[in-house]
There are 2 protein chains.
Amino acid sequence: MEETVTADPADLPFDVFSKACPSRGTLEHVTGRWGSLTLGALHEGSFRFNELRRRVDGVSEKMLSQTLHALERDGLVHREAQPTNPPRVDYTLTPLGYEVAERLLGLIHLMEDRMPTVLEARERYDAVRGAR
Amino acid sequence: MEETVTADPADLPFDVFSKACPSRGTLEHVTGRWGSLTLGALHEGSFRFNELRRRVDGVSEKMLSQTLHALERDGLVHREAQPTNPPRVDYTLTPLGYEVAERLLGLIHLMEDRMPTVLEARERYDAVRGAR
């Protein structure tokens with residue numbers, strides 16, 4: 001993005017390395033412990049709240065609810081209340097959320113794939129420094 | 001990875017969606033607030049501790065030190081003490097760290113690029129729900 005002299009934040013270049021840039025907060029919603037797993041799960045399709053809670057092993061109801069609100073506010077997750085009785089709420093990715101989830105899953109799958117190397121590195125590190 | 005009957009953790013399939021899987025901890029080191037920015041910075045080249053502190057705007061000395069130790073232990077960052085007087089310590093990415101940083105930067109650049117869309121989504125959300 002080019003630099004401008006206007007004050008509209010949407011016209012400024014965004015830089016996560018700058019602590020005042022709003023992109024840093026969005027990156028944290030996306031990569032945070034529960035944000036990343038929620039986006040990764042929704043890449044598989046539409047989920048209801050309790051289905052997501054089961055898929056994202058270990059998340060509390062409160063944390064999942066906060067995570068979904070932040071992702072919905074950032075335009076990454078779409079929340080749709082179905083006009084049924086009892087009411088049913090479905091969560092899906094927006095097109096932007098899908099694009100973000102694709103990149104995130106690339107990273108997640110790389111990490112899962114390289115875990116043997118990571119565990120070997122930890123053993124070497126702990127052997128040199130003593131168990132911590 | 002194929003499933004086996006041995007108990008060696010390096011032979012098991014890794015799954016970040018399972019809360020007991022060690023890959024979840026490594027993903028958090030990589031995507032955490034300071035881990036992601038540290039890996040992103042080191043993708044630009046070798047840094048000394050204080051250079052990194054300036055590049056990763058807002059990080060404290062303590063948090064940067066903890067972040068670098070976790071990334072070094074996971075085999076993503078290489079720490080090299082130069083035999084100079086005064087001693088000088090350089091941080092670089094390992095080949096695995098570089099691979100991880102590439103994926104991470106893909107995600108970071110996408111987020112920075114899409115921030116106008118994110119900010120528009122936030123405005124719409126807040127207009128409907130009232131300022132929070």
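The model shown is predicted, which means the values in this text are computed figures rather than measured ones.
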In terms of heavy-atom proximity below 4.5 Å to chain B, should [X] be classed as side chain, backbone, both, or neither?
{"X": "Glu123(A)", "value": "neither"}
{"X": "Leu107(A)", "value": "both"}
{"X": "Glu120(A)", "value": "neither"}
{"X": "Val59(A)", "value": "neither"}

Quick check: closest heavy atoms across [X] and [Y], and the distance to 0.1 Å?
{"X": "Ala41(A)", "Y": "Phe17(B)", "answer": "N-CZ, 3.7 Å"}
{"X": "Phe47(B)", "Y": "Leu52(B)", "answer": "CB-CG, 3.5 Å"}
{"X": "Val16(A)", "Y": "Glu112(B)", "answer": "N-OE2, 2.8 Å"}
{"X": "Asp90(B)", "Y": "Arg48(B)", "answer": "OD1-CG, 3.3 Å"}
{"X": "Phe14(B)", "Y": "Pro22(B)", "answer": "CE2-CG, 3.9 Å"}

Verdict with reasoning, Tyr125(B) to Asp74(A), per side-chain contact (heavy atoms from CB on, under 4.5 Å): CA-CA 8 Å; Tyr125(B) 183 95; Asp74(A) 283 346; over 6 Å; no
Glu44(A) CD: over 12 foreign heavy atoms closer than 6.0 Å: yes
Residue among Gly58(B), Ala20(B), Cys21(B), Ser18(B) with most heavy-atom pairs under 4.5 Å to chain A: Ser18(B)
Heavy-atom pairs under 4.5 Å with chain A, option from Arg124(B), His109(B), Arg24(B), Met111(B) with the top count: Arg24(B)
Contact residues of residues 32-40 of chain A (partner chain B; heavy-atom separation under 4.5 angstrom): Arg33(A), Trp34(A), Ser36(A), Leu37(A), Gly40(A)
Pick whichever of [options] has the most heavy-atom pairs under 4.5 Å with chain B.
{"options": "Val56(A), Thr117(A), Val100(A)", "answer": "Val100(A)"}
{"options": "Lys19(A), Arg122(A), Glu99(A), Arg103(A)", "answer": "Arg122(A)"}
{"options": "Thr26(A), Val30(A), Leu27(A)", "answer": "Thr26(A)"}

Residue list, side chain to side chain contact (heavy atoms under 4.5 Å, CB included) with Tyr98(B), at least two apart or on another chain: His43(B), Leu93(B), Glu102(B)
Expected output: side-chain Glu80(A) to main-chain Val89(A) donor-acceptor under 3.5 Å: no
Between CD on residue Gln66(A) and OG on residue Ser60(A), distance to nearest 0.5 Å: 7.5 Å
